[in-house]
Amino acid sequence: MKFSYASLLISFLLIIFFSDCRNQSERVPEKNISEQEPDGPDLDWFREAKFGMFIHWGPYSCLAGEYNGRQVPVSQNAEWIMKNLTIPVNEYREIARKMNPVRFDADELVRLAKETGMKYIVITAKHHDGFAMYDSKVSDYNIVKWGSFGRDPLKELSEACARHGIKFCFYYSHREDWDHPGGYGNNWDYDNDWGSDLYNKAAFNKYLEEKAKPQLRELLTNYGPVGLVWFDRGMYTPEQGKEFVRLVHDLQPATLINGRVGHYDQELPGDYQSMADNGMPPGGLREYWETPMTLNRTWGFSKFDTLWKSPETVITRLVEIVSRGGNFLLNIGPTGDGEIPEATKRIFSEVGPWVSRNAESIYGTTANPFGELPWGYCTVKGNRLYLHVRDWPSDGKIKLQGLKNQANSAYLLKDQSERLSFTCNEEQIVIQVPSVAPDKPLSVVVLELNGAPVVAPREVFQDENGSLMLDYLTVKTTGKAVTRFNRKGGFHISKWNGPDDIAEWMIKINKPGIFKVNITYAANKEWDGEKYEIAAGNQVIRQSVVHTGDWYDYQEFPAGYLEFTEAGVIRLTIRPADQSTTNLMYLKSIRLDPVKETKRYGWSSSNTESLLSD
Ligand code: FHN
């Protein structure tokens, strides 16, 4: 207890009224939404594109979820059949030999993607089963040389993409390979009981050097410009991941790389982040991201999985993702013959027309600047807000709060000939819409503003106990600080290493008083001792980072106390105190809890004890 009193006392004494500190009450000037986006190498086409087609296709597609009377449960991925039914390599190789996808039609696939509104295609060049779906000189275990097909689907697809103006991209399973004795994952044929970090380095390096890297070089050399390479399932070490990043960027500097290239339990390299499969952040991230999603429950074709998403669900997911600032990569699983399942075509045929008539509100837009909207979603382009109304209002009124601009006009995207009336006051803008929703499942109302949208910062309110929770959902980050996704399913604020990299919140104090400040973060050993400042008004808490263990081991620490004597809105910031070469921390949250004692204390050491024993 003595120790914690002492440390709290030090924390408390570190609350200083600084006359020399930066003017903390002055908020960083509002920026246009577009200015708030981070720089990324060649991300422009990707940000514009929004919607892509994922194709999982390989020998597993021929099995369609069943082998020798044994079925892969529909809750499991059909492309995992080799592993899930522990099919021996030699048997699986014979299955692969029979793959003869005579119905594969690259133009049909590309046309389908195009008509659905998809701007890029990512196809499995090699999935975990180790079979290459292109003409590889590295190993004969490929679709051209192994069986009788003799055609190169990736060549045909890349050429069809070029003809139709679609970006050609490929997926490559770089760590997992159940065919190669050194690849990760096959412990039924090979004496290989590797855990996630424990592995036979010599065997794995052999696999990397004689298969994975040479195949990637082929793919990046023989198929024209590649929009992006989609790696999967991470790597053993961040360094191995970085080697793949270098390999791709050396051969095609403009090619994007998804975040799963490295050891994603530790950090996420790559040019953008892949959310978890079918996952989505509950709020906007500043870094660019993409959600890969299945159309039923599996990626590879399964004759058993008929639980298809409806066209309405697909459209709504697309808009929800785009409104949160991401891309939507929607999967199809062709059959072993190369046919596109009828259900896929039917769903896509309903998605495409909606996307086409609402294209302006999707492509090239940026994220919703408002927080959750009760009636639907919002995207932004230039001076226009696109309000995607999911729950059409029974009273004919769509309400929008927090907009600081003036609105010039409002209209339905579907019918621009008629202007909609609207009223504005300081609090909100109310748009009068027709009684019947003009489109389904979402109707788009356009609000034209007098400039790029400026939105009042979201305020954080005290809960019923008087506490305030500050996290990535309500933060505004500037400089290099960004909100990030980690592959363990969490979100945090990261990438900051200098005093200009700031996370800030606007907090609304209704019940003034003294608040204990608790901070929750994860920090590596190398970040130990980095200094940071939490500031509110003219109070500053100075603290040092304590390392917490593994990469995403978040821990809560008491940081100090803040006092707010009056009700009102206050800007609270946290930033690195000094310029450093390392990250400050992975900040999860800052919590302010009112100290029970209501009596107002003066800030002197004499009353510190009583305050701290609270
Ligand atoms: O194991 C794979 C799976 O088969 C599929 O390829 C998905 C697509 O994101 N990725 C892996 C699981 O995350």
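Residue numbers run from 1 in the order of the sequence given. Quick caveat: nothing in here was measured; it's all calculated off a predicted structure. Counting convention: from 1, in listed order, for ligands and their atoms alike.
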Can you name the atoms of ligand 1, numbered from 1 with element, that are less than 4.0 Å from a heavy atom of Tyr171?
6 (O)
With heavy atoms under 4.0 Å as the rule, classify the contact between Tyr60 and ligand 1 as side chain, backbone, both or neither.
neither
Below 4.0 angstrom from a heavy atom of Arg233, which ligand 1 atoms are there? Numbered from 1 as shown, please.
1 (O)
Has the side chain of Asp152 got a donor or acceptor atom that lies under 3.5 Å from a matching backbone atom of Tyr134?
no
For atom 6 (O) of ligand 1, what's the nearest protein heavy atom and its distance?
His56 NE2, 2.6 Å
Geometric cation-pi criterion, Arg484 with Tyr586: 6.0 Å, 45°:
no
Counting from 1 in the order shown, the ligand 1 atoms closer than 4.0 Å to a non-hydrogen atom of Trp230 are 9 (O)
Would Lys213 and Glu209 pass as an ion pair if we require N to O under 4.0 Å?
yes
Using the ring of each side chain (for Trp, its six-membered ring), is Phe244 parallel, tilted or perpendicular to His174, with breaks at 30° and 60°?
perpendicular
Check ligand 1 against Arg260 and write out every atom of the ligand that is under 4.0 Å from a heavy-atom position of the residue.
9 (O), 10 (N), 13 (O)
min-distance protein heavy atom vs atom 12 (C) of ligand 1 -> Asp277 OD2, 3.1 Å
Salt bridge between Glu372 and Arg324, side-chain N to carboxylate O under 4.0 Å?
yes
Do the side chain of Gln240 and the main chain of Thr237 share a donor and acceptor less than 3.5 angstrom apart?
yes
Counting each atom of ligand 1 from 1 as listed, which ones have a heavy atom of His127 under 4.0 Å away?
3 (C), 4 (O), 5 (C), 6 (O)
Contact with ligand 1 for Glu176, non-hydrogen, under 4.0 angstrom:
no
Could you tell me whether Lys345 and Glu108 have a side-chain N and a carboxylate O separated by less than 4.0 Å?
yes
4.5 Å side-chain heavy-atom contact, Leu109 and Phe104:
yes
For atom 4 (O) of ligand 1, what's the nearest protein heavy-atom neighbour? Residue, atom name and distance, please.
Glu79 OE2, 2.4 Å
Give the atoms of ligand 1, by number and element, whose distance to some non-hydrogen atom of Trp80 is under 4.0 Å.
1 (O), 2 (C), 3 (C), 4 (O)
If you have a sec, work out which protein heavy atom is nearest atom 11 (C) of ligand 1 and how many Å separate them, to one decimal?
Asp232 OD2, 2.9 Å
